[in-house]
Amino acid sequence: MPELPEVEVVRRGLERWVAHRIVAGVEVLHPRAVRRHPAGAEDFAHRVQGHRLGLPSRRGKYLWLPLQDSGQAILAHLGMSGQLLVQPLSAPTEKHLRIRVRFADTPTAAASAAEATELRFVDQRTFGGLSLHDTTPDGLPDVIAHIARDPLDPLFDDEAFHQALRRKRTTIKRALLDQSLISGVGNIYADEALWRTRVHYERPTATFTRPRTAELLTHVRDVMNEALAVGGTSFDSLYVNVNGESGYFDRSLDAYGREGLPCRRCATPLRRRPWMNRSSYYCPKCQRAPRVAS
DNA sequence: CAAGGCTCCTGATAGC
DNA sequence: TGCTATCAGGAGCCTT
């Protein structure tokens, strides 16, 4: 379940291992992996071939690789289970390999042919994918213009976010997951930030005071930065960095996945509630349910 | 227009 | 043993 910290770990890996390399060829092994590329797999492969990759960027859970001197970028979303792996050419084909990107060069002059690497998009549940898009003057792929800046973006506007919460007629967890208000937050970090702020997931956003919004944003940023520092959250092999390694933040989670376990603040057993086709984990004592509007 | 619900997908796991 | 049901969930799209 890659959210902002996990995607940022992947972005950093791409920056180190594939930036500035020239694409020799692209092989699409599953059409669903390029479903956001309307012209299809063949068109995608053809248009990427021969271009040099620029520095990878990220907004929220989206990341993209600019194609130098083309005004276009390869946009990637990992969905539920997507992985971007930098693998030796000799590595066995993964069971869920969807797209393979070969390069014209080798990473260093000293690297032997056997050590040369390629980029692989592997995705078990096929919610993720790659696509090619024009970029706006500020370098953003045009199809994600509606995605808000994320809380780690220096240009994220805290006051505008607060005002948006005040205007909305919805509840706080829905707002945190609304990528057009704040991007990069998914189910795990939403539950973690709400637990830290002692706020119930169904609190109406219109009740948020400016200090409470500020506190929530601080906790969102803290939990994401702490996760980033240890390589992200991994429950299994579905989320890994570009070298196939797992992160360690799952050991630090206070709410998510802890149904029945004692709250680390007050020892009350945490609860899990079905919510929007997923689950919300919370402490029934620290995070009081809001009074139901009559 | 805003808000909320539906749907895509595969594999692990539980229950019978 | 082998079947079915359930769960994981991001975000585009559809309905209300």
Side-chain angles (χ1 to χ4, degrees), chain A residues 1-8 10 28-38 58-64 75-84 94-99 121-131 133 140-151 163-194 201-207 220 224 232-240 246 249-250 253 255-260 271-281 292-293:
Chain A
M1 296 124 250
E3 301 179 30
L4 187 155
E6 293 73 38
V7 178
E8 175 59 18
V10 171
V28 178
L29 296 116
H30 197 300
R32 217 178 121 74
V34 291
R35 71 189 179 288
R36 291 194 71 187
H37 187 81
R58 181 188 55 72
R59 176 176 283 195
K61 303 170 200 168
Y62 283 94
L63 65 86
W64 62 94
L75 181 65
H77 198 291
L78 303 179
M80 283 282 298
S81 56
Q83 307 173 341
L84 283 165
E94 293 79 4
K95 183 175 181 189
H96 302 292
L97 177 63
R98 309 304 190 193
I99 299 171
F121 180 67
V122 176
D123 190 11
Q124 178 201 105
R125 295 178 194 165
T126 72
F127 276 29
L130 306 186
S131 48
H133 304 279
L140 195 72
D142 55 10
V143 294
I144 60 164
H146 65 291
I147 301 292
R149 290 185 186 275
D150 61 63
Q163 293 303 331
L165 289 186
R166 299 288 307 189
R167 279 194 303 271
K168 288 279 176 185
R169 292 294 173 267
T170 188
T171 50
I172 189 57
K173 189 169 170 185
R174 283 179 180 277
L176 284 175
L177 297 186
D178 182 343
Q179 306 296 300
S180 69
L181 287 180
I182 180 172
S183 68
V185 184
N187 203 41
I188 297 172
Y189 295 108
D191 280 1
E192 293 301 309
L194 289 170
Y201 59 97
E202 284 188 319
R203 171 163 289 281
T205 58
T207 69
V220 168
M224 285 183 163
T233 301
S234 306
F235 296 105
D236 48 39
S237 58
L238 281 188
Y239 165 70
V240 292
S246 293
F249 196 68
D250 60 307
L253 294 175
Y256 185 85
R258 299 193 72 243
E259 181 183 17
R271 289 188 185 162
R272 179 176 74 89
R273 286 288 177 272
W275 182 84
M276 276 179 70
N277 286 326
R278 61 200 75 182
S279 295
S280 275
Y281 297 88
V292 179

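Order of the sequence lines sets the chain letters (A, B, ...), proteins ahead of strands, with each chain counted from 1. Small disclaimer: the values here were computed from a predicted structure and weren't measured.
A/His133 is linked by a ring pair (Phe, Tyr, Trp, His ring centres under 6.0 Å) to nothing, counting only residues two or more places apart in sequence or in another chain.
Proximity of A/Arg272 to the phosphate of C/dA8: a side-chain N or O atom is located under 4.0 Å from OP1 or OP2. For C/dG12, the OP1/OP2 oxygens have a side-chain nitrogen or oxygen of A/Tyr62 closer than 4.0 Å. Between A/Lys168 and the phosphate of B/dA2, there is no side-chain N or O to OP1/OP2 separation shorter than 4.0 Å. Taking side-chain N and O atoms only, A/Ser279 has a distance below 4.0 Å to OP1 or OP2 of C/dA8. Between A/Arg174 and B/dG5 there is a side-chain polar atom (N or O) within less than 4.0 angstrom of OP1 or OP2.
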Distances under 3.5 Å between nitrogen or oxygen atoms of protein and nucleotides 6-10 of chain B:
none

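Residue A/Leu165 comes nearest to A/Ala175 through the heavy atom pair CD2-CB, 3.8 Å, listed as atom of the first residue, atom of the second, then distance. Shortest non-hydrogen contact noted between A/Gln124 and A/Ser81 is N-OG, 3.5 Å.
As a whole-Å value, the separation of A/Leu165 CG from B/dA3 C1' is 15 Å. Residue A/Met80 contributes atom CE, which lies 14 Å from atom P of C/dC7 at whole-angstrom precision. Regarding A/Leu78, its CG atom lies at a distance of 15 Å from the P atom of C/dG9, rounded to whole Å. Straight-line distance from the OH atom of A/Tyr281 to the C1' atom of C/dC7: 9 Å, rounded to whole Å. Atom P of nucleotide C/dA11 and atom CG of A/Asp178 are separated by 11 Å, given to the nearest angstrom. Following rounding to the nearest Å, A/Trp275 (CH2) and C/dC7 (P) show an atom-to-atom distance of 16 Å. Residue A/Glu202 contributes atom CD, which lies 10 Å from atom P of B/dG4 at whole-angstrom precision. Rounded to whole angstrom, the span from the CG atom of A/Asp123 across to the P atom of C/dA11 amounts to 13 Å.
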Point to revise | Criterion side-chain contact (heavy atoms from CB on, under 4.5 Å) on A/Trp64 and A/Arg59, from CA distance to verdict | key: CA-CA 9 Å; A/Trp64 62 94; A/Arg59 176 176 283 195; 3.9 Å; yes

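Side chain of A/Arg32 to backbone of A/Thr126: a donor-acceptor contact under 3.5 angstrom is found. The main-chain N or O of A/Lys61 is never found under 3.5 Å from a side-chain atom of A/Glu3 such that the two would form a donor-acceptor pair.
The closest side-chain heavy-atom distance from A/Asp150 to A/Arg58 is below 4.5 Å.
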